[in-house]
Structure formats: structure tokens, C-alpha cells
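This report concerns only the one structure given below.
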Amino acid sequence: TSVGSGYNTNAYMLGIHKAYAGAAVASVGWGAALANSGWLTNATSGGITVGRFLTTCASGDLVEVVLDTTNLAPVLA
């Protein structure tokens, strides 16, 4: 089923996934945050972390990450 416009919905991701990095990652295990572009970037102090990088990478690389978005609030569709 689909969610109608104006209703809240949740979409969870949990486990090891591949995603594009929006910035270079120099340390394995570094926190991952979701950028406005939809790519993952380095987590910063006070930001929302959605997972951890499993490898180092350059910006634009397809990289493995452990994601856990179960703690995020509902999104208005």
C-alpha cells in the first residue's frame, strides 16, 4: 500500500548497505549523517547519526555502511 499526501510515514533501514559518500572519510567507523543531497557525509557534533562507515573512501565513492534509521522521526509524505 502507499501513503497518501499529507500523512506521516516511516521508512527504516537497518544493517549493512552501500551508499554514496558526499565527503571523504579518513577513519573506519566514523559516524555517517544524511546530507541534503541524499548522500552520506561525515557526522558532526550535534548532528543526527544514521550509521557508521565500514571503510575509508573519497567523495563520490560507493561505500559500505552500517545503517540504523529506526531512531528517526516520521516524515510527512
Side-chain angles (χ1 to χ4, degrees):
T1 63
S2 63
V3 176
S5 178
Y7 291 92
N8 291 334
T9 185
N10 291 335
Y12 300 117
M13 295 187 79
L14 181 62
I16 297 174
H17 299 274
K18 288 189 177 181
Y20 285 101
V25 177
S27 299
V28 173
W30 192 263
L34 190 58
N36 289 339
S37 63
W39 290 24
L40 293 180
T41 188
N42 296 305
T44 58
S45 177
I48 297 173
T49 301
V50 296
R52 300 222 170 258
F53 289 98
L54 295 178
T55 60
T56 59
C57 65
S59 180
D61 285 354
L62 187 61
V63 63
E64 281 193 330
V65 291
V66 175
L67 292 179
D68 180 3
T69 63
T70 57
N71 62 341
L72 299 179
V75 177
L76 184 63

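This one's a predicted model, so the numbers in the text were calculated from it and none came from an experiment. Scope of the values below: all heavy atoms of this structure, side chains included, with no hydrogens, waters or symmetry mates.
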**Asked** To which residues is Tyr12 joined in a hydrophobic cluster, defined by side-chain heavy-atom contacts under 4.5 Å among Ile, Leu, Val, Met, Phe, Trp and Tyr, whether direct or through other members?
**Response** none
**Request:** Under the ring-ring contact (aromatic ring centres under 6.0 Å, His included) rule, collect the residues that match up with Trp30, sequence neighbours excluded.
**Result:** none
Name every donor-acceptor pair, under 3.5 Å, that has one atom in a side chain of residues 37-59 and the other anywhere in the protein, sequence neighbours excluded.
residue : atom : partner : partner atom : Å
Ser37   : OG   : Trp39   : N            : 3.3
Asn42   : ND2  : Ala24   : O            : 3.0
Arg52   : NH1  : Gly29   : O            : 3.0
Ser59   : OG   : Gly22   : O            : 3.4

**Prompt:** Thr69 and Met13: which non-hydrogen atoms are nearest, and at how many Å?
**Reply:** OG1-N, 2.7 Å
**Message:** My understanding is that only residues two or more places apart in sequence, or in another chain, count here; which of them pass side-chain hydrogen bond (donor to acceptor under 3.5 Å, both in side chains) with Asp68?
**Reply:** Thr70
